[in-house]
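These notes are about the structure you will find just below.
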Amino acid sequence: MYFPIEKSFFHMPVLELARNLVGQMIVHELPEGVIAARIVETEAYHGPEDRAAHSYGNRRTKRTEIMFGEAGLVYTYQMHTHTLMNVVSGPVGTPHAVLIRAAEPVEGFELIRDRRGEHLKMTDWTNGPGKLSKALGVTMAYYGHHWGDEPLFIAEGPGASEVVSGPRVGIGNSGEAVHYPWRFYENNNSFVSKYRP
DNA sequence: GGTGAGATTATCT
DNA sequence: GATAATCTCACCT
């Protein structure tokens, strides 16, 4: 049984939050059962000053609107045919966010397998942001939800053995921002997504 | 095990 | 009409 983490947990600087989310649990309670996974990889997006962020230069559109809200809200975003999950960070009016990129399944293996496919290796279930949201059943319907509320929430997890940082993935031509070491992941964990230069 | 191209759709200019 | 915080599959080593 899992319980949502204190909402005050989200009130810390975005880089710190990104690092501290590694090792926590992400839980989705569905009518069919509970899916739980331990977060092993995140990325921080530093709103106004980060060329790779959707909210760069305080760009405020219908899509980025939620990032200007309270820390702990859910920012879901459609990329091609996939949904990506973020945790809003920073005080109200400051559009920071943490992208949840990968997690290690802990509970609900059969539900995940049903969604992702019988033939896949277990490590291919959740080792990327699009795959993770599909495995957990997270959709755009959660845009604006809070990560401290059921049925989709962050719970206190067992932590991570060793958290390391490196450059972020898939942000192409974002100038200097490409090199910022704002990706955090558990060292030597096979559920961490592959880095593609 | 690794690299490279194409898919495919909401969102913004 | 261009773009994208990705995924999958084919082909190479």
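Hydrogens, waters and symmetry mates play no part in the numbers below; they use all other heavy atoms, side chains included. Order of the sequence lines sets the chain letters (A, B, ...), proteins ahead of strands, with each chain counted from 1.
- Residue A:Y56 is found outside any hydrophobic cluster, as its side-chain heavy atoms come under 4.5 Å of no other Ile, Leu, Val, Met, Phe, Trp or Tyr.
- The side-chain hydrogen bond (donor to acceptor under 3.5 Å, both in side chains) contacts involving residues 66-76 of chain A comprise A:H54-A:Y75, where partners must be two or more places apart or lie in separate chains.
- If you take OG on A:S55 and CD on A:E49, they are separated by 9.5 Å, rounding to the nearest 0.5 Å.
- Taking atom CZ of A:F184 as the reference point, atom C1' of C:dA5 lies 15 Å away to the nearest angstrom.
- Atom P of nucleotide C:dC7 and atom NZ of A:K121 are separated by 15 Å, given to the nearest angstrom.
- Contacts between residues 40-74 of chain A and DNA chain C, defined by a heavy-atom separation under 4.0 Å, are made by A:Y45, A:A52, A:H54.
- In this structure, the nucleotide among C:dT6, B:dA10, C:dA5 sitting nearest to the side chain of A:M79 is C:dT6.
- If you measure from atom CD of A:Q78 to atom P of B:dC12, you get 12 Å, rounded to the nearest angstrom.
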Give me, pair by pair, the N or O atoms of the protein and of nucleotides 8-10 of chain C that are less than 3.5 Å apart, along with how far apart they are.
unit_1	atom_1	unit_2	atom_2	d
C:dT8	OP1	A:R116	NH1	3.3
C:dT8	OP1	A:R116	NH2	3.4

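- Between A:Q24 and A:I100 there is no side-chain heavy-atom pair separated by less than 4.5 Å.
- Applying the salt bridge (Lys or Arg N to Asp or Glu O under 4.0 Å) criterion to A:R113, with sequence neighbours excluded, gives no partner residue.
- Not counting sequence neighbours, A:R116 has no partner by the salt bridge (Lys or Arg N to Asp or Glu O under 4.0 Å) test.
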Tell me which donor-acceptor pairs under 3.5 Å the side chains of residues 10-18 of chain A have, and how far apart each pair is, sequence neighbours excluded?
none

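- Put simply, CE on A:M140 is 14 Å from P on C:dA5, counting in whole angstrom units.
- Considering only side-chain atoms of A:H80, the nucleotide from B:dA10, C:dC7, B:dT8 that sits closest is B:dT8.
- For the pair A:L84 CG and B:dT11 C1', the computed distance is 14 Å after rounding to whole Å.
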Residues 135-146 of chain A, side-chain donor-acceptor partners within the protein, below 3.5 Å, at least two apart:
unit_1	atom_1	unit_2	atom_2	d
A:T139	OG1	A:A141	N	3.2
A:Y142	OH	A:H28	NE2	2.7
A:Y143	OH	A:K62	O	3.2
A:Y143	OH	A:R63	O	2.9
A:Y143	OH	A:I66	N	3.4
A:H145	NE2	A:D149	O	2.9
A:H145	NE2	A:L152	O	3.0
A:H146	ND1	A:G148	N	2.8

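- Cation-pi geometry between A:R38 and A:F191 is not met: the NZ or CZ atom fails to fall both under 6.0 Å from the ring centre and inside 45° of the normal.
- Residues A:M122 and A:L111 share a hydrophobic cluster, clusters being chains of Ile/Leu/Val/Met/Phe/Trp/Tyr side chains in contact below 4.5 Å.
- Listed by residue number, the members of residues 89-101 of chain A with any heavy atom below 4.0 angstrom from DNA chain C are A:L99, A:R101.
- At most 12 heavy atoms of other shown residues, nucleotides or ligands fall within 6.0 angstrom of atom CD in A:E156.
- Identified under the ring pair (Phe, Tyr, Trp, His ring centres under 6.0 Å) test for residues 81-117 of chain A, with sequence neighbours left out: A:H46-A:H96.
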Next item on the list: Determine which bases of DNA chain C form Watson-Crick or G-U wobble pairs with both distances under 3.5 Å, and write the result as a 5' to 3' dot-bracket string with | for other-strand partners.
Entry: ||||.|||||||.
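- Taking the salt bridge (Lys or Arg N to Asp or Glu O under 4.0 Å) definition, one finds that A:R51 meets it with nothing, sequence neighbours left out.
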